[in-house]
Amino acid sequence: MKIKAVISGLAALFIAHAAFAGEAEVKKAVDPVLADMFGPGIKADAVRKVGNFNLYEIQIGGDLLYTDEKVSYLMNGDVLDVKAKKNLTEERKQKLSQVKFSDLPLDLAVKQVKGNGKRVLVTFEDPNCSYCRKLAKELQSINDVTVYTFLYPILSPDSTEKSKNIWCAPDRVKAWNDLMIDGKQPAPANANCNHPTEKVTALGRKLNIRGTPAMIFADGSRVPGYMPAAMLEKSLDKGSASPN
């Protein structure tokens with residue numbers, strides 16, 4: 001088992017303050033520190049006390065830092081519960097990454113229904129993504145699922161153009177599968193075609209999606225990256241059993 005250090009990377013910073021007793025006080029103290037160390041506009045989205053010891057979790061988007069109640073140090077790394085044999089940081093990140101499925105604007109996604117479509121999967125994919133092509137091939141063997149694909153152009157200069165062409169195609173599902181499975185490029189879109197590329201890009205940034213493919217299941221859990229069909233089947237069944 002690869003053991004991660006509880007603290008990887010330590011930035012020492014002394015602040016002459018009285019002890020801070022609560023989360024609100026720690027947030028007030030840490031925000032100027034973050035701005036000073038990482039740049040203007042950087043501040044904590046939330047501060048939470050961890051367990052019964054003198055450690056506070058600093059959430060910045062999908063990232064976590066830790067500090068003491070005096071904000072004397074900022075610590076970057078995983079916190080491990082030795083007795084419970086759990087990675088508290090990883091568990092927390094998974095919880096923070098969960099998405100309320102019902103809030104997703106599915107009308108901005110390419111909808112593909114297979115079989116009875118009872119199970120549901122949302123993906124964020126770039127038309128130039130090689131692992132997205134592998135995912136598309138794995139999905140060919142999976143039935144009884146509805147797949148909502150958000151065209152998320154973040155990898156190459158022409159990803160936006162390809163996303164627009166797919167969205168504006170007479171048959172979006174066919175255009176997407178032709179590209180991802182057969183390598184057939186979509187026809188150029190009509191200049192007057194309205195497409196949601198900017199909205200999807202903004203959504204992906206809001207959800208802190210940094211790579212493709214990214215998958216979100218009905219229970220709100222998400223997986224960054226590609227999964228083979230067997231693992232997808234299990235995740236689809238698990239996610240559908242407790243929808244968000």
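Bear in mind that the values here come from a model prediction, so they are computed numbers and not experimental data. Every heavy atom of this structure was used, including side-chain atoms; hydrogens, water molecules and symmetry mates were not.
Minimum heavy-atom separation, Glu23 to Arg48: OE2-CA, 3.5 Å. Ala189 approaches Asn165 most closely through the heavy-atom pair N-OD1, 2.9 Å. Nearest heavy atoms, Ile209 versus Ala214: CG2-CB, 3.8 Å.
For residues 165-234, every residue pair satisfying the disulfide bond (SG atoms under 2.5 Å apart) rule, not counting sequence neighbours, is listed here: Cys168-Cys193. Among residue pairs with one or both ends in residues 181-202, none qualify as salt bridge (charged side-chain N to carboxylate O under 4.0 Å, His left out); sequence neighbours excluded.
Legend: residues meeting side chain to side chain donor-acceptor pair (under 3.5 Å) with Asn208, ordered by chain and number and at least two apart, are Arg210. For Thr89, the side chain to side chain donor-acceptor pair (under 3.5 Å) partners two or more places apart in sequence, or in a different chain, are Tyr66.
Of the possible polar contacts, none joining the Ser235 side chain to the Leu232 backbone as a donor-acceptor pair under 3.5 Å is found. In this structure a side-chain-to-backbone donor-acceptor pair under 3.5 Å is missing from Asp78 to Leu88. Remark: side-chain polar atoms of Ser221 are not paired, donor with acceptor, to backbone N or O of Phe217 under 3.5 angstrom. Between the Lys27 side chain and the Ala44 main chain, a donor and an acceptor come within less than 3.5 Å of each other.
No side-chain donor-acceptor contact under 3.5 Å links Asn54 and Asp68. Asn177 and Gln112 form a side-chain donor-acceptor contact under 3.5 Å, judged by distance and modelled atom types alone.
Cluster partners of Trp176, using a side-chain heavy-atom cutoff of under 4.5 Å among ILVMFWY residues and allowing indirect links, are Val110, Leu151, Ile166, Trp167, Val173, Leu179, Met180.
Between Leu108 and Phe150, some side-chain heavy-atom pair lies under the 4.5 Å cut-off. Residues Leu104 and Leu207 are in side-chain contact: their nearest non-hydrogen atoms beyond the backbone lie under 4.5 Å apart. Looking at Asp144 and Lys118, their side chains never come closer than 4.5 Å, going by heavy atoms from C-beta outward. Counting heavy atoms from C-beta outward, Leu65 and Met75 have side chains that stay 4.5 Å or more apart. Residues Leu34 and Asp36 fail the side-chain proximity criterion, which asks for heavy atoms closer than 4.5 Å. Contact annotation: the side chain of Val33 approaches that of Leu74 to within less than 4.5 Å [non-hydrogen atoms, C-beta and beyond]. The shortest distance between side-chain heavy atoms of Met215 and Met227 falls below 4.5 Å.
In this structure, Leu139 is not a member of the same hydrophobic cluster as Ile181, with clusters built from ILVMFWY side-chain heavy atoms closer than 4.5 Å. Under the 4.5 Å side-chain heavy-atom criterion for ILVMFWY residues, no single connected hydrophobic cluster contains both Tyr148 and Val113.
Counting heavy atoms of neighbouring residues, nucleotides and ligands inside a 6.0 Å radius, atom NZ of Lys114 exceeds 12 of them. Other residues, nucleotides and ligands contribute more than 12 heavy atoms inside 6.0 Å of the CG atom of Asn190.
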Return a table of donor-acceptor pairs under 3.5 angstrom between the side chains of residues 120-136 and protein atoms on other chains or two or more places apart.
{"unit_1": "Thr123", "atom_1": "OG1", "unit_2": "Glu125", "atom_2": "OE2", "d": "2.7"}
{"unit_1": "Thr123", "atom_1": "OG1", "unit_2": "Thr149", "atom_2": "OG1", "d": "3.2"}
{"unit_1": "Asp126", "atom_1": "OD1", "unit_2": "Asn128", "atom_2": "N", "d": "2.7"}
{"unit_1": "Asp126", "atom_1": "OD1", "unit_2": "Ser159", "atom_2": "OG", "d": "2.8"}
{"unit_1": "Asp126", "atom_1": "OD2", "unit_2": "Ile154", "atom_2": "N", "d": "2.7"}
{"unit_1": "Asp126", "atom_1": "OD2", "unit_2": "Leu155", "atom_2": "N", "d": "2.8"}
{"unit_1": "Asp126", "atom_1": "OD2", "unit_2": "Ser159", "atom_2": "OG", "d": "3.1"}
{"unit_1": "Asn128", "atom_1": "OD1", "unit_2": "Lys162", "atom_2": "NZ", "d": "2.6"}
{"unit_1": "Asn128", "atom_1": "ND2", "unit_2": "Asp158", "atom_2": "OD1", "d": "2.8"}
{"unit_1": "Asn128", "atom_1": "ND2", "unit_2": "Ser159", "atom_2": "OG", "d": "2.9"}

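Here the CZ atom belonging to Phe101 is positioned 13.0 Å from the CZ atom belonging to Arg222, to the nearest 0.5 angstrom.
Electrostatic pairing of Lys85 and Asp81 does not count as a salt bridge here, judged by no charged N lying under 4.0 Å from a carboxylate O. For the pair Lys164 and Glu161, the salt-bridge criterion is met [side-chain N within less than 4.0 Å of a carboxylate O]. For Glu233 and Arg119, the salt-bridge test passes: some basic side-chain N is under 4.0 Å from an acidic carboxylate O.
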message: Please evaluate residues Lys238 and Asp219 with respect to the criterion salt bridge (Lys or Arg N to Asp or Glu O under 4.0 Å), reporting the C-alpha separation (whole Å), side-chain torsions for both, the decisive distance (0.1 Å), and the verdict.
response: CA-CA 8 Å; Lys238 179 182 177 182; Asp219 63 354; 5.8 Å; no
